[in-house]
Amino acid sequence: MNDELLPNIINFLQSLKPFESLPVSVLDSISRHMEILWLAQDDVLQYPPDNQEYLYFIRSGVVEQRHKDGSLRAKLGSDDLFGFSLHASPEQQVADYTVRALESSLIYRIVYAHLIDALAGYPHIISQLARSAWARMASAVEVQWSDTDKGLFFKPVTEVASRNIALVKPGDTIQQVAHQMRNVVRTTCAFVVDDAGRLVGMMTDKDMTRRVVAQGVDIQRPVADVMTASLHTVQDDQRVLRATLLMMQYNIQNIPVLNARQQPVGLITPQQLIQKNSVQAIFLIDQISRADSVAALQALLPVREAIFAALVDGNVATDIIGDVMTMIYDAFTRRLIAMAIHYFGEPPCAWSWVVAGSHARNEVHMSSDQDNALILEDSATERDLRYFNHFAMYICKGLAECGYTLCSGRFMAATSKWCQRERVWCHYYRKWATNPEYEYLLNLNVFVELRCLDGDPALFARVDDYRHQQVSNNPRLMVSLLRNALRMRPPLGIFHNLVLEKNGDNQKVLNIKDASIHCLVDLVRIYSLHQGLRQLNTGERIQALIEAGVLNHASGENMSGTWHYVNQLRYVHQREALKRGDNPDNILQPARFGSFERQHLKDAFRIISGFQDAAKMHFGL
C-alpha cells in the first residue's frame with residue numbers, strides 16, 4: 001500500500017462502525033493490508049485465485065449481488081461491507097454469488113485473516129465481523145449483565161428460590177407432616193408428591209392452623225385429606241417476575257418451583273423478594289390491580305412507557321421485554337374484566353376471555369393493538385349473548401383508552417362474530433382448516449394462537465384442543481398458509497433504487513413488521529403447526545423446532561439471532577419515538593442507519609429470504 005494513500009483509507013475507516021473506536025495505530029495496520037479495486041459500470045468482480053478469504057468495503061458506488069440462479073441477493077452502496085458469506089463454507093473456496101457494479105465503484109479489499117490479526121485485543125469488534133451472520137447480529141444485541149443491571153425480577157426463579165423444602169407423601173399423617181416441617185426441614189411449607197416425585201399438593205403452617213387445629217381434625221388422618229391440591233406454580237426456567245405476578249394476582253404467599261418433570265425443586269415466598277430489591281413493573285402491576293376506574297388505569301400509562309424505556313435503554317434481552325410488556329397488558333385486561341363484572345354483575349354462564357396474535361405469543365410492544373375474543377358455553381342464551389356483548393365492549397373500549405388501540409380488522413370480543421358459543425368456535429376452526437381460502441386464512445392467522453386470560457380454563461382447553469386437532473399435521477392447510485405468507489418478501493434491494501414505502505414527508509421508510517417480523521412469525525408458525533407443537537412464543541418455537549430436528553443447529557441459530565435482532569430494531573425505534581413525543585410504530589427510516597446497522601439488516605433479510613425459499617422446497621411449492 002502506497003503510504004500517501006493511507007490517510008485517506010484511515011479517514012474512511014474512522015467513519016465506519018465499529019472501526020471508529022479503534023486507535024489510529026490499529027487502523028494504520030489494517031489500511032496497510034488493503035487493496036484498492038475499481039469497477040466500471042457492469043463490471044463483474046473477479047475473485048482472487050488464491051485460497052484466501054477476503055472482506056470488501058465499498059468506498060463509493062453501487063453493486064448488486066446475485067445468486068447462481070440469477071435471483072437478487074442484495075444491493076449495496078457506500079460504506080457497505082460484504083464477503084462474510086462469499087463462499088459456501090471456509091473450506092469450500094467457490095463463489096456463492098456474483099457481484100456486479102451498477103455504477104462505477106471504488107472498493108477496498110483485505111484478507112480476512114489479516115484483518116482479524118490486526119484486531120487482536122479487540123474481541124468485541126471481532127465478534128461484529130464474524131463469518132456467521134447470526135454471530136454478527138448476536139453481537140449487536142448481546143449484553144453483559146451485572147446483578148444491578150439485570151434486576152432481581154428478570155432473573156430465573158432458581159436464582160432466588162429457597163431449596164429448603166419438605167417433601168412428603170399423600171399417605172403421610174398430618175402429624176408426620178407437621179413434624180417434618182417444624183423439626184426436620186424447618187420450613188413453613190411441605191410439598192406433597194406422588195411416587196414419581198411429581199407435585200400433587202401442598203400444606204402450609206397456616207393450613208395446619210385453619211384446616212386442622214381450628215376444625216379439630218384428627219392428626220392421624222392422611223395429609224391428602226386437608227392439603228391444597230389446586231396450586232399456582234412456576235417452572236424453573238421462568239422469571240421471578242412471573243412468580244411475583246401470581247402472588248399479587250391470587251393473593252398467595254408460596255409459589256412452588258417445578259422442573260420439567262413437574263417435580264418441586266424450590267419455593268418462592270414474598271420474604272425472599274423483600275430481602276432483595278424491586279422494579280417498577282412490579283409496582284405498576286400492583287397499582288393496576290388496585291385501580292377502581294378506567295381513569296385511574298389511564299393515569300398509569302406514563303409508568304408503562306417509563307418501564308418500556310428503561311428496559312430498552314438497559315439493553316434488556318428482547319424476549320424479556322416482550323414478557324414484561326405482555327404481563328402489563330395482561331394486568332390491564334384482567335383489571336378491566338373485574339371492573340366489568342362489578343359494573344354488569346356476575347356473568348350468567350361459563351365464559352373464557354382469550355387473547356390472540358402477539359399478545360398470545362408474549363410478544364407485546366408499544367404499538368400492540370387488541371386481538372381478543374370470548375368463548376361461551378353452549379348453553380348460553382340470547383340474553384346471555386347480549387350481556388357478553390356489553391361486557392366485551394366495556395373491556396375493549398377500556399383497553400383502547402389505556403393505550404391498546406382497537407384492532408383495525410375488528411378481531412375483538414366486542415365484535416359479535418368473535419363472541420360466540422363453544423360449538424360455533426369449533427365450527428370456525430373446522431371451516432378454516434378445511435377451506436383454506438384467503439378470508440378464512442386471514443381469520444385463522446389471527447386466531448391460530450390463543451391464550452386464556454380469564455374465565456373458565458376448561459372451556460378454553462376444549463376449544464384449544466379442537467383447534468390444535470384441526471390445524472396440526474394438515475398438509476393442505478400448511479401449503480395455503482405458506483402461499484399466503486410468501487406474499488411478503490424481505491426487501492433485499494433496500495437502500496438502493498427501491499422505494500419501500502413513503503411517509504407523509506415523502507421519505508423512504510421501512511415497515512420492520514411487514515418486512516421481517518411477520519415473515520419470521522409466519523414461517524416459524526407454519527413449521528410448528530406442521531409438527532403439532534403447542535408452543536406459542538416465536539423464540540420458544542424456534543428452540544422446539546431445533547430440538548425436534550426440523551431445524552439444524554446452525555439454521556436454528558441464524559433464525560433465532562435474526563428474530564432477536566429485528567425485534568431489537570423495533571424496540572429501539574419505538575423508544576426513540578417516545579423520546580420525541582411521537583406515537584411508537586413499526587416504521588423505520590433506513591437513511592438514519594449507519595453502515596453496520598445496514599449490514600446487519602441485510603444479513604437478516606437474506607436469512608429470512610433463504611428460509612422462505614427452504615420452506616417452499618420443504619412443502620413442495
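Keep in mind that what you see is a predicted model, and the values were worked out from it rather than measured. Each residue takes its place number in the sequence, starting with 1. When reading the values below, keep in mind they use all heavy atoms of this one structure, side chains included, and skip hydrogens, waters and symmetry mates.
Aromatic ring centres of H365 and F308 lie farther apart than the 6.0 Å criterion allows. Aromatic ring centres of F460 and W353 lie farther apart than the 6.0 Å criterion allows. Remark: aromatic rings of F447 and W425 are close, center separation under 6.0 Å. The aromatic ring centroids of Y343 and Y394 lie less than 6.0 Å from each other. Ring pair Y428/W418: centre-to-centre distance below 6.0 Å.
At a threshold of 4.0 Å, the pair R421-D378 does not count as salt-bridged, since none of the basic side-chain nitrogens sits closer than that to a carboxylate oxygen. Residues R211 and D225 are not paired through a salt bridge, judged by the lack of any N-O separation under 4.0 Å between the basic side chain and the carboxylate. Using a cut-off of 4.0 Å between Lys/Arg side-chain N and Asp/Glu carboxylate O, D205 and R182 are scored as not salt-bridged.
Heavy atoms from other residues, nucleotides or ligands lying under 6.0 Å from CG of D218 number more than 12. The number of heavy-atom neighbours closer than 6.0 Å to CZ of R430, taken from other residues, nucleotides and ligands shown, is above 12.
Between C189 and A166, the shortest heavy-atom contact is O-CB, 3.9 Å. Considering every non-hydrogen atom in both L459 and S352, the closest pair reads CD2-N, 4.0 Å. The minimum heavy-atom distance between D371 and G357, with the atom names listed, is OD2-CA, 4.3 Å. Contact detail for V446 and A356: the closest heavy-atom pair is O-CB, 3.3 Å. The shortest non-hydrogen separation linking L520 to M559 is CD2-CG, 3.9 Å.
Side chain of D464 to backbone of A461: no donor-acceptor contact under 3.5 angstrom is found. With Q420 contributing its side chain and S416 its backbone, the two residues share a donor-acceptor pair below 3.5 Å. Side-chain N or O atoms of R476 include one that pairs as donor or acceptor with a backbone N or O of T434 at under 3.5 Å. Side chain of D456 to backbone of W351: no donor-acceptor contact under 3.5 angstrom is found. Using modelled atom types, one side-chain atom of R335 and one backbone atom of A291 make a donor-acceptor pair closer than 3.5 Å. For D172 (side chain) and K169 (main-chain N/O), a donor-acceptor pair under 3.5 Å exists by modelled atom type. With hydrogens and angles disregarded, a donor-acceptor distance shorter than 3.5 Å links the side chain of T415 to the backbone of R410. The backbone N or O of A196 lies less than 3.5 Å from a partner atom in the side chain of Q263, making a donor-acceptor pair. When atom types are taken as modelled, the side chain of Q215 and the backbone of V212 share no donor-acceptor pair closer than 3.5 angstrom. Judged by distance alone, the side chain of S528 and the main-chain N or O of V524 form a donor-acceptor pair under 3.5 Å.
E363 and T538 form a side-chain donor-acceptor contact under 3.5 Å, judged by distance and modelled atom types alone. Side-chain atoms of R541 and Y527 form no donor-acceptor pair, as typed in the model, at a separation below 3.5 Å. T326 and D323 form no side-chain donor-acceptor contact under 3.5 Å, judged by distance and modelled atom types alone. Counted by atom type alone, S379 and E377 present one or more donor-acceptor pairs between their side chains at under 3.5 Å. With 3.5 Å as the limit, one finds no donor-acceptor pair spanning the side chains of T333 and D330. A donor and an acceptor atom, one from each side chain of D237 and Q235, are nowhere located under 3.5 Å apart.
Taking 4.5 Å as the limit, some side-chain heavy atom of K417 sits within range of a side-chain heavy atom of N443. Residues V471 and N474 have side chains not in contact (no heavy-atom distance under 4.5 Å, counting atoms from C-beta outward). Using a 4.5 Å cut-off on side-chain heavy atoms (C-beta onward), E422 and L376 make no contact. Counting heavy atoms from C-beta outward, N254 and L231 have side chains that stay 4.5 Å or more apart. A heavy-atom distance below 4.5 Å is found between the side chains of V193 and P264. Considering only heavy atoms from C-beta on, F191 stays 4.5 Å or farther from M203 through its side chain. Side-chain contact check for L444 versus L477: some heavy-atom pair is nearer than 4.5 Å.
Y329 does not carry R451 over the face of its six-membered ring by the limits of under 6.0 Å from the centre and within 45° of the normal.
The ring-ring contact (aromatic ring centres under 6.0 Å, His included) contacts involving residues 198-230 comprise nothing, where partners must be two or more places apart or lie in separate chains.
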(message) Let's go through I321 and V312 carefully: what are the C-alpha distance in whole Å and the side-chain angles of both, what is the deciding distance for side-chain contact (heavy atoms from CB on, under 4.5 Å) to 0.1 Å, and is it a yes or a no?
(response) CA-CA 8 Å; I321 297 177; V312 177; 4.1 Å; yes

(request) Please assess R304 against M325 for the test side-chain contact (heavy atoms from CB on, under 4.5 Å), listing each intermediate value before the final yes or no. (result) CA-CA 8 Å; R304 182 181 65 138; M325 301 311 294; 3.9 Å; yes

(request) Begin from the C-alpha positions of V185 and N164 and carry the test side-chain contact (heavy atoms from CB on, under 4.5 Å) through to its verdict. (result) CA-CA 7 Å; V185 182; N164 186 41; 3.2 Å; yes

(request) Go through V265 and R163 one step at a time and tell me if the side-chain contact (heavy atoms from CB on, under 4.5 Å) criterion holds. (result) CA-CA 7 Å; V265 295; R163 302 283 181 169; 3.9 Å; yes

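Under the side chain to side chain contact (heavy atoms under 4.5 Å, CB included) criterion, K397 pairs with E401, not counting sequence neighbours.
Taking CG of L399 as the start and OG1 of T405 as the end, the distance is 10.0 Å to the nearest 0.5 Å. To the nearest 0.5 angstrom, L336 atom CG is 5.5 Å from C402 atom SG.
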